[in-house]
Amino acid sequence: MRLDIPSIAAVVLASISTAQAASWSFTDASVTVKGKGVGVPETPKQKFSHTSHLTSIVTFGPTEALRVVLTTTEDGEGKRPHQAFLTLQDTTTGLEESYPFDVKESGKGKVEVTHKDLPNQLLTSSTPLKASLVIASFGSSSPSNTFVFNVAVNRDTSVAQPAKDTPLRYGKLSEINHIFRADPKSPPLVITLVFTGLALATFPILLGGWFALGANGNHLSEAMNKAPVAHMLFLASIFGMEGIFFMYYSSWTLFQTLPPATVAGVIAIVSGSRALGEVQARRLAGKR
């Protein structure tokens, strides 16, 4: 059995060319304008095709809806594509908006557009809008983008039109100068001096009560002879801690206060234990 190579090659090439020529299109397309309400008649259907667009301008007002019906086809057969849109474009600015068709498996689809569906830029356009049908899908079939008619939007002149919004533009912004809150300040100097005076006024009262209870100052020389370093460091740590608190109150921050306060606290604990040990030794010896 002989194979007719030229015939087979011709069939293959024809199949390839057919597959490459497959594209999306539409049939049975028409546009109507229907008013709101029950019983309101539609305007007569104006039919158009993939190769012949409408020469007249379609108009619809604020109480009407623009309706487009069609059948989408792939290589002449009715079929639902992945995407089917009615695109309205302002030819002056180039701005456009797309409205998806509701398409069935058979390819029959429709879309309705009202004034409330139009963005402000298209609603206030001074020129008729360019209406196109965009049909596309996955696969090797070529998509379709077809101009079909022009549509004029008749606005209600008695209703004030919304102002056009300034479009958002992304770019470099002006420098932001941060204004930080001022650091907290201490109370006024007068209040500080008043409370400082009240605190210092307690020292004479403390000393008076100490001597009134029979304090014995004769042991001072003995205490300084037996543990001079411990007593001096203990007193110095107490006064140093008071000075640290004053600096924290007046100007220091917490992190500036913690290191010297830690050092003064350690000195007070070590030297205080030694000084109290010397006092305990004198008490045990019967010295009061």
Side-chain angles (χ1 to χ4, degrees), residues 93-98 100 116 119-121 160-288:
T93 62
L95 298 176
E96 63 181 27
E97 183 64 63
S98 298
K116 67 179 181 179
N120 187 48
Q121 290 79 358
Q161 299 299 324
K164 293 185 177 180
D165 297 331
T166 302
L168 179 63
R169 295 286 186 257
Y170 293 94
K172 183 180 180 181
L173 300 179
S174 58
E175 182 181 0
I176 299 176
N177 295 319
H178 294 281
I179 300 176
F180 296 97
R181 183 184 301 175
D183 293 335
K185 297 181 179 180
S186 300
L189 180 61
V190 176
I191 297 178
T192 302
L193 293 177
V194 169
F195 281 93
T196 301
L198 293 176
L200 294 176
T202 60
F203 283 98
I205 300 174
L206 177 62
L207 293 176
W210 187 40
F211 285 109
L213 294 175
N216 190 354
N218 296 328
H219 293 172
L220 179 59
S221 59
E222 183 180 356
M224 294 303 294
N225 289 331
K226 289 185 177 181
V229 177
H231 286 289
M232 293 298 293
L233 288 178
F234 182 66
L235 292 175
S237 64
I238 292 176
F239 285 106
M241 189 66 75
E242 294 295 333
I244 292 171
F245 287 152
F246 175 77
M247 293 301 297
Y248 176 62
Y249 174 78
S250 61
S251 60
W252 281 3
T253 64
L254 180 61
F255 293 102
Q256 289 175 311
T257 304
L258 289 178
T262 302
V263 174
V266 172
I267 294 175
I269 293 174
V270 176
S271 61
S273 62
R274 300 292 179 84
L276 291 177
E278 188 276 330
V279 173
Q280 183 183 20
R282 284 188 283 111
R283 294 291 179 91
L284 293 177
K287 298 178 181 180
R288 294 289 189 268

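All values below come from the heavy atoms of this structure, side chains included, with hydrogens, waters and symmetry mates left out.
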**Student:** Considering all heavy atoms of both residues, which atom of Y249 and which atom of T192 are nearest to each other, and what is their separation?
**Tutor:**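 Closest approach of Y249 to T192: OH-OG1, 3.2 Å.
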**Student:** Looking only at heavy atoms, which two atoms of A201 and P204 are closest? And how far apart?
**Tutor:**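 Scanning both residues, the minimum pair turns out to be O-CD, 3.3 Å.
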**Student:** Can a salt bridge be assigned to the pair E278 and R282 using a cut-off of 4.0 Å between side-chain N and carboxylate O?
**Tutor:**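 Result for this pair is yes, salt bridge flagged.
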**Student:** If I compare all heavy atoms of A227 with all of H231, which pair ends up nearest, and what's the gap?
**Tutor:**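 Nearest pair, atom of A227 first, then H231: O-CD2, 2.9 Å.
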**Student:** How about M247: does its CE atom have over 12 heavy atoms from other parts shown lying under 6.0 Å from it?
**Tutor:**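 Enclosed.
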**Student:** With sequence neighbours excluded, tell me which residues meet side-chain contact (heavy atoms from CB on, under 4.5 Å) with E242.
**Tutor:**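 side-chain contact (heavy atoms from CB on, under 4.5 Å) check on E242 returns nothing, list empty.
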**Student:** Atom CG of N120 and atom CG of L95: how far apart are they, to the nearest 0.5 Å?
**Tutor:**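 Spacing of CG (N120) from CG (L95) equals 11.0 Å.
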**Student:** When rounded to the nearest 0.5 angstrom, what is the spacing between OG1 in T257 and CZ in F245?
**Tutor:**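 Going from the OG1 atom of T257 to the CZ atom of F245 covers 9.0 Å.
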**Student:** Rounded to the nearest 0.5 Å, how far apart are CG of L233 and CD1 of I238?
**Tutor:**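 Atom-to-atom, L233:CG and I238:CD1 are 11.5 Å apart.
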**Student:** Could you check if a side-chain atom of T196 sits within less than 4.5 angstrom of a side-chain atom of F246, using non-hydrogen atoms only?
**Tutor:**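 No, every pair of side-chain atoms sits at 4.5 Å or beyond.
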**Student:** Could you give the distance from CD1 (I205) to CG (L207), rounded to the nearest 0.5 Å?
**Tutor:**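 So the CD1 of I205 and the CG of L207 are separated by 10.5 Å.
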**Student:** Would you indicate whether the side-chain heavy atoms of M241 and I267 approach each other to under 4.5 Å?
**Tutor:**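 Not touching, per the 4.5 Å side-chain cut-off.
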**Student:** Can you give me every donor-acceptor pair (side chain of residues 168-176, partner residue at least two apart or in another chain, under 3.5 Å) with its distance?
**Tutor:**
none

**Student:** Of the non-hydrogen atoms in A230 and S271, which two are nearest, and what is the gap between them?
**Tutor:**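 Reported closest heavy-atom pair: O-CB, 3.5 Å.
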**Student:** Hey, what do you get for CZ (F239) to CD1 (I244), rounding to the nearest 0.5 Å?
**Tutor:**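 CD1 of I244 is found 14.0 Å from CZ of F239.
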